[in-house]
Amino acid sequence: MLTDIIRSKTIKAIQSIYAIELSERDLQVNLTKPEFEGDYTIVLFSLIKSLKKNPDEIGNAIGNYLVENETAFFESYYIIKGFLNIVLKSDFLLKMLNQHYQDPCFGKAAMNEKKIMVEYSSPNTNKPLHLGHLRNNFLGRSIAEILKANGYDVAKTCIVNDRGVHICKSMIAWKRFANGATPSSTNKKGDHFVGDYYVMFNDAYKTEVEELVQKGMSKADAEKEAPIMKETQQMLIDWENGKPEVIELWKTMNQWVYDGFEITYRRIGSDFDKTYYESNTYLLGKDTIEMGLKNDVFFKKDDGSVWIDLTSEGLDEKLVLRGDGTSVYITQDIGLAQLKYDEFNIDQSIYVVGDEQNYHLKVLQLICKKLGLPYADGIHHLSYGMVELPTGKMKSREGTVVDADDLIDEMVSIAAAHTQELGKVKEFSSTELKELYDTIGLGALKFFLLRVDPKKKMIFNPEESIDFHGFTGPFIQYTHARIKSVLRKNELDPSMHDFKEPLHKMEKELLIQCELFEQTLKQAGQSLDPSTLSMYLFQLAQSFNSFYAALSISNAETEQKKQLRLKISSMVATILKSGMQLLGINVPEKM
RNA sequence: GGUCCCGUAGCUCAGCUGGAUAGAGCGGCAGCCUUCUAAGCUGUAGGUCAUUGGUUCGAAUCCAAUCGGGAUCACCA
């Protein structure tokens with residue numbers, strides 16, 4: 001990578017001029033700001049102390065040395081107020097261009113030996129997906145792809161929360177209110193169908209509680225005594241005892257939800273190498289607790305419940321097994337962590353889970369460490385912020401949840417309206433059009449959710465629909481389609497690779513930006529952050545559009561210039577396409 | 001109350017381990033389609049980087065305190 005090359009050559013220069021060995025960390029190399037002359041900038045301030053010279057003197061010495069001794073790389077230099085701005089020769093960039101202008105693997109690392117698991121999505125089977133789930137799904141999928149591009153062997157998994165009292169709630173409501181209705185009899189998507197009964201449960205429950213309070217019962221008691229709640233709790237017990245009729249209903253209703261999820265997953269492009277179900281894993285982890293009890297990692301209280309004391313870590317005492325011997329949430333997470341490790345032999349396990357569970361995941365890792373489990377250090381919580389509305393958190397009780405399917409439909413129909421209005425793809429068949437609308441609508445939505453730092457919470461305003469202009473997915477898709485159009489109309493000659501004419505400023509800038517792709521992927525992989533990639537792709541597209549407006553490709557001054565520009569365009573399109581694919585976004589040939 | 005996170009333009013967000021006059025997009029204003037896709041391009045206005053102190057050649061960035069907002073601390077998942 002260029003930055004690394006410049007850094008190491010500069011360090012070598014300093015060593016040979018001043019006989020002082022600097023570490024890579026001591027030297028800052030950045031892109032030169034556009035308002036100054038030069039391509040890359042070396043910051044001289046940090047060298048003043050160790051070299052005991054003034055910045056101008058140091059800059060001149062280094063600049064001279066580089067231009068004279070590294071003739072293949074450096075052309076000239078400028079010194080402005082403590083910064084050494086160097087001008088690159090075009091050779092390195094042109095070589096890269098000739099090699100990779102249509103290489104879909106450009107920027108990606110070779111396979112390494114490490115295996116990483118990414119767990120994401122992890123839905124509940126009692127309600128349809130909402131906007132928050134979309135952020136999770138897009139992040140998980142994209143991070144998995146980015147890690148693959150960094151050479152890792154990646155396994156995508158999902159843990160489905162398919163059991164528990166909340167699942168029984170929709171089952172009870174269905175028994176009470178459905179009269180045998182099914183998704184097909186009502187022509188409703190299965191997950192939405194079941195979700196409706198979950199809502200009905202809460203309504204009925206609320207009514208019953210109110211009635212009891214009217215009769216003089218306290219609110220707390222009423223909440224426990226409401227018949228519908230008692231039925232639900234009984235159902236959970238029946239479920240755990242395997243009562244056939246309950247199991248039958250549970251299977252049926254979950255299948256409805258899975259059928260619904262399947263449609264959404266296929267549409268948004270989420271898939272998994274392995275799906276775990278809580279109904280299979282909820283009993284895991286007890287052996288490990290037993291082991292920890294023997295090793296004094298855990299302790300037992302008088303009532304038989306098992307705990308871990310994390311107060312020395314600044315946390316609390318945490319229950320890991322109930323007094324009656326049944327599991328809590330963390331018990332099965334300990335077990336599942338073990339199971340994943342056993343089944344996949346992973347070096348690292350990434351959990352894409354919302355930041356509301358920071359404490360939980362911290363405790364999970366700490367417990368695994370204390371137990372001395374080999375995979376403890378590999379556990380990594382990719383904590384992402386909640387998606388909120390301008391009015392605050394989304395609340396299902398207040399009906400302010402943004403439904404995933406609805407939002408996708410809305411985005412796709414906006415894409416369709418825009419496309420029809422512009423009328424650029426009149427020759428498309430109806431299937432091609434449908435595919436294009438999906439590509440653009442989902443591209444806008446995915447990019448919107450991936451362009452911000454995962455760690456930060458973000459605000460979605462349903463009043464202003466997601467943009468299709470500016471820093472958006474469609475902007476990048478459009479840039480790609482535009483390039484493809486130019487490439488269709490002008491023949492690129494692969495044999496032409498000797499570009500002697502000096503590069504235009506914008507040509508050089510584009511090549512330097514292309515070169516940055518590898519570094520960007522590496523950084524996105526290390527920080528598990530697709531937003532850095534999103535920003536990079538946007539900037540690249542933006543630079544291309546400026547280039548496109550300022551310089552003519554097909555009517556370039558010379559044939560050599562034309563071919564150079566066609567290759568640069570091709571390289572930009574290649575990077576935009578492969579970069580967007582790492583975000584889970586397709587780019588059209590035409591739009 | 002304990003722990004953790006956040007506060008940058010009207011709005012949504014970038015600003016990496018301290019470095020040049022704090023940047024994008026949207027929205028506002030003014031321009032650009034007889035030339036390769038105007039979902040584009042160019043220009044312009046808009047900031048006490050929550051506040052106050054400290055560290056130093058230099059702070060939006062590091063430290064401390066204050067103010068404001070949020071998450072979490074269940075024999076829930």
Side-chain angles (χ1 to χ4, degrees), chain A residues 25 28 30 32-33 35-36 41 43-46 48-49 55 80-83 85 124 161 163-166 278 282 301 303 305-307 313-316 318-324 326-330 332-333 354-360 362-363 383 385-386 388 390 392-393 415 418-419 421-422 424-425 440 444 448 451-453 455-461 464 467-479 481-490 523 527 531-532 534-535 538-539 541-542 544-556 562 565-566 569 590-591:
Chain A
R25 298 209 126 233
Q28 266 191 68
N30 306 318
T32 303
K33 296 208 165 196
E35 57 266 36
F36 298 99
T41 292
V43 182
L44 298 170
F45 297 101
S46 54
I48 299 174
K49 264 187 206 154
I80 306 159
K81 292 195 287 182
F83 296 90
N85 297 338
N124 289 342
N161 184 232
R163 52 144 248 128
V165 73
H166 52 296
E278 261 192 37
Y282 80 109
K301 288 196 176 172
D303 61 359
S305 58
V306 182
W307 296 73
E313 267 77 18
L315 306 175
D316 308 282
K318 186 84 187 169
L319 178 88
V320 294
L321 207 60
R322 291 193 184 101
D324 60 9
T326 58
S327 308
V328 288
Y329 185 38
I330 198 124
Q332 62 171 307
D333 272 348
D355 63 7
E356 55 195 356
Q357 296 198 46
N358 282 354
Y359 183 79
H360 175 76
K362 203 170 167 182
V363 169
S383 163
M386 298 288 107
E388 293 180 6
K393 282 188 89 168
H418 270 286
T419 307
E421 201 179 310
L422 294 170
K424 292 179 184 175
V425 288
I440 298 172
F448 177 82
R451 67 176 204 185
V452 309
D453 186 340
K455 287 193 296 294
K456 297 194 175 175
K457 72 174 181 200
M458 60 185 296
I459 294 185
F460 170 77
N461 189 347
E464 316 161 3
D467 231 306
F468 283 64
H469 302 269
F471 186 15
T472 67
F475 175 94
I476 296 169
Q477 292 172 321
Y478 170 74
T479 308
R482 210 181 201 190
I483 295 173
K484 283 306 172 110
S485 169
V486 176
L487 292 173
R488 257 179 260 125
K489 290 182 178 159
N490 297 279
Q523 197 195 334
S527 53
S531 75
T532 47
S534 312
M535 286 186 285
F538 170 65
Q539 280 159 11
Q542 208 178 29
F544 180 85
N545 283 322
S546 300
F547 158 87
Y548 179 90
L551 305 170
S552 176
I553 298 168
S554 55
N555 289 320
K562 179 176 168 179
R565 288 178 190 166
L566 283 171
S569 303
K590 257 185 122 168
M591 67 185 273

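What you see below is based on every heavy atom in this structure, not just the backbone, and it leaves out hydrogens, waters and symmetry mates. Keep in mind the model is a prediction, meaning the values are calculated, not measured.
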Sugar-phosphate, base or nothing in reach of A/Asn358, heavy atoms under 4.0 Å: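 Result for A/Asn358 = nothing.
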Touch class at under 4.0 angstrom, heavy-atom based, for A/Asn461 against every strand present: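 Touches nothing.
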Between A/Asn358 and A/Ser383, a side-chain donor and acceptor under 3.5 Å: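 Yes, because at least one side-chain N or O of A/Asn358 sits under 3.5 Å from a partner of the opposite role on A/Ser383.
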Of the nucleotides [options], which one has an atom closest to the side chain of [X]?
X	options	answer
A/Phe45	B/C57, B/U37, B/U35	B/C57
A/Thr41	B/G70, B/A20, B/A14	B/A20
A/Gln542	B/A14, B/U37, B/A24	B/A24
A/Arg482	B/A38, B/U3, B/A77	B/A38
A/Lys393	B/A71, B/C41, B/A38	B/A71
A/Arg322	B/U37, B/G40, B/C76	B/C76
A/Lys33	B/G23, B/G40, B/G25	B/G23
A/Ile459	B/A38, B/A77, B/C13	B/C13
A/Asn85	B/G40, B/A20, B/C36	B/A20
A/Ile80	B/A20, B/C73, B/U37	B/A20

Distance in angstrom units between A/Trp307 CH2 and B/C73 P, rounded: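 It works out to 13 Å between those atoms.
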For atom CG of A/Leu321 and atom P of B/A77, their distance in whole Å: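 The answer, rounded to whole Å, is 12 Å.
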Residue whose nearest RNA chain B nucleotide is more 5′ - A/His418 or A/Met535: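 Comparing both residues, the 5'-ward one is A/Met535.
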Position toward the 5' end of RNA chain B (nearest nucleotide), A/Lys489 or A/Arg163: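 Going by which nucleotide is closer to the 5' end, it is A/Lys489.
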Could you work out the separation of [N] and [M] based on their [atom1] atoms and round it to a whole Å?
N	M	atom1	value
B/C67	B/A24	C1'	30 Å
B/U55	B/G2	C1'	29 Å
B/G25	B/U66	P	39 Å
B/G53	B/G10	C1'	31 Å
B/U3	B/A65	P	11 Å
B/G27	B/C41	P	13 Å
B/U8	B/U48	P	12 Å

Mutual orientation of the aromatic rings belonging to A/Tyr329 and A/His360 [parallel < 30°, tilted 30-60°, perpendicular > 60°]: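 Ring orientation, 0 to 90° scale: parallel.
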side-chain N/O A/Ser554 vs B/C36 OP1/OP2, d < 4.0 Å: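 No, A/Ser554 has no side-chain N/O under 4.0 Å of OP1/OP2 on B/C36.
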A/His469 side-chain N/O to B/G40 phosphate OP1/OP2 under 4.0 Å: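 Yes, A/His469 has a side-chain N/O under 4.0 Å of OP1/OP2 on B/G40.
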Ring center gap for A/Phe475 and A/Tyr478 short of 6.0 angstrom: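 No, ring centres 6.0 Å or more apart.
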Pair of N/O donor and acceptor under 3.5 Å linking B/A77 base with A/Asp333 side chain: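 Under the 3.5 Å cut-off, the side chain and the base do not form any donor-acceptor pair.
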